[in-house]
Amino acid sequence: MTEKSRVGLTACTGYGDDEVECALRVAVERAGGLPGPIPRSVLVKANALSPSPPEDAVTTNPSILRAIVSEISRSAGCVPDIRIADNPGYVFTDSDRLFKTTGMDALSAADGVSVGILSDLGARTVALGTFRTLREARISARYLDAPYCINAPKLKTHVETEMSGCIKNIFGTADIETRKRSHRSASQVHLADAIVDIYSIRPPDFNIVDAVVGMEGDGPSHGTPRQVGWIAAGRNALAVDWVLCRMMCFGDPGAIPLMSAAVRRGIGPGDESEIELVGAEWSEIPSVGFKLSSGALRALPTFLRGLAHCLLRISPALEPSSCVRCWICREVCPVGAIGE
């Protein structure tokens with residue numbers, strides 16, 4: 001008989017540090033604990049999609065990240081070198097503003113903890129024979145080389161993939177061009193397979209989800225915060241995502257293209273009978289009345305959505321109120337981006 005994938009749950013009503021730390025520790029224990037041994041260097045892959053304040057529910061709450069740091073240190077019996085990192089969305093290039101606004105920069109003051117961009121060490125090209133959509137992908141070197149990684153996503157809806165959880169969060173390890181190519185697809189299944197392609201390169205060692213306050217509606221950035229009240233944990237990302245789908249009141253998680261793509265690839269369980277839920281009954285976890293994404297964007301021809309992603313470009317613009325016309329910026333710009 002195949003062993004079931006265990007998912008640990010603990011109710012958590014708010015982001016007070018003491019409540020979160022206690023609830024997260026219990027959720028991890030219910031999931032079987034952090035896999036050991038824990039090395040001296042640990043990467044925490046957060047969701048830092050945009051420079052949004054924690055109350056907007058766009059990013060992983062800093063209280064969750066602080067509790068993860070505490071749990072890593074407790075499990076390791078010491079304070080390892082912990083890096084909290086992510087690659088933001090295409091248009092967000094100001095990393096100082098990103099981590100300050102999300103509240104994550106406050107964590108860097110703790111001993112042994114640093115916060116920053118995931119791609120700071122560059123990216124490497126990976127090509128796997130198991131790829132379904134991508135011939136190759138460029139992945140952040142820091143993620144590829146991390147001896148131990150904890151995936152720390154935010155529970156959210158998503159206008160293109162319907163839900164965003166553990167598997168989708170790993171999509172952020174890819175560079176901008178890889179993510180754009182993934183969106184340049186012929187169907188929703190094509191995009192879902194590209195996301196699973198990237199996930200399969202280097203699955204995280206453990207997953208801890210911020211589902212205290214999630215996002216409903218047109219996520220992952222323009223939805224509405226919604227009290228959900230859980231912290232979820234588990235080794236298998238697909239199993240945890242299945243639980244998140246039930247929290248969000250999806251009728252059939254297996255019908256979501258991203259979920260079905262992962263099931264087809266053998267990433268994890270194919271239904272609830274293969275999941276051991278510890279800490280709650282299945283009937284207890286749906287957030288009644290949870291609003292899913294409208295589906296308006298998914299109704300557009302997929303090639304149009306992909307084209308929009310591929311045409312997106314970032315270019316500098318003059319701030320007239322600050323310009324003194326010294327033109328030093330034009331002289332020192334290494335790529336000549338400042339015009340006449």
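- When only modelled atom types and interatomic distance are considered, S70 and E21 share a side-chain donor-acceptor pair under 3.5 Å.
- Partners of R124 by side chain to side chain donor-acceptor pair (under 3.5 Å), not counting sequence neighbours, listed by chain and number: D145.
- Donor-acceptor pairing under 3.5 Å is lacking for the side chains of D105 and S108.
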### Query
Hey, mind stepping through W230 and T10 against side chain to side chain contact (heavy atoms under 4.5 Å, CB included) and telling me if it holds?
CA-CA 6 Å; W230 297 98; T10 308; 5.7 Å; no

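- No donor-acceptor contact under 3.5 angstrom links the side chains of T60 and D210, judged on distance only.
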Side-chain donor/acceptor pairs under 3.5 Å, residues 273-283, sequence neighbours excluded:
| residue | atom | partner | partner atom | Å |
| --- | --- | --- | --- | --- |
| S273 | OG | D271 | OD1 | 2.3 |
| E274 | OE1 | G270 | N | 3.1 |

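- In the model, D218 has a side-chain atom that pairs as donor or acceptor with a side-chain atom of S294 under 3.5 Å.
- Ion pairing between D193 and R264 holds under the 4.0 Å rule for side-chain N and carboxylate O.
- Geometrically, R226 does not engage F290 in a cation-pi contact defined by less than 6.0 Å to the ring centre and at most 45° from the axis.
- Of all non-hydrogen atoms in T102 and S50, the two that sit nearest each other are CG2-O, 3.5 Å.
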Listed pairs under 3.5 Å, donor-acceptor, residues 246-259 side chains, sequence neighbours left out:
| residue | atom | partner | partner atom | Å |
| --- | --- | --- | --- | --- |
| R246 | NE | E272 | OE2 | 2.2 |
| R246 | NH1 | F250 | O | 3.0 |
| R246 | NH1 | G251 | O | 2.9 |
| R246 | NH2 | E272 | OE2 | 2.8 |
| D252 | OD1 | G254 | N | 3.1 |

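- Only one option out of R265, R179, R135 pairs with D197 in a salt bridge (charged side-chain N to carboxylate O under 4.0 Å, His left out); it is R265.
- A donor-acceptor contact under 3.5 angstrom links the side chains of S119 and N87, judged on distance only.
- Between E3 and R235 there is no salt bridge, since none of the side-chain N atoms of the basic residue sits less than 4.0 Å from a carboxylate O of the acidic one.
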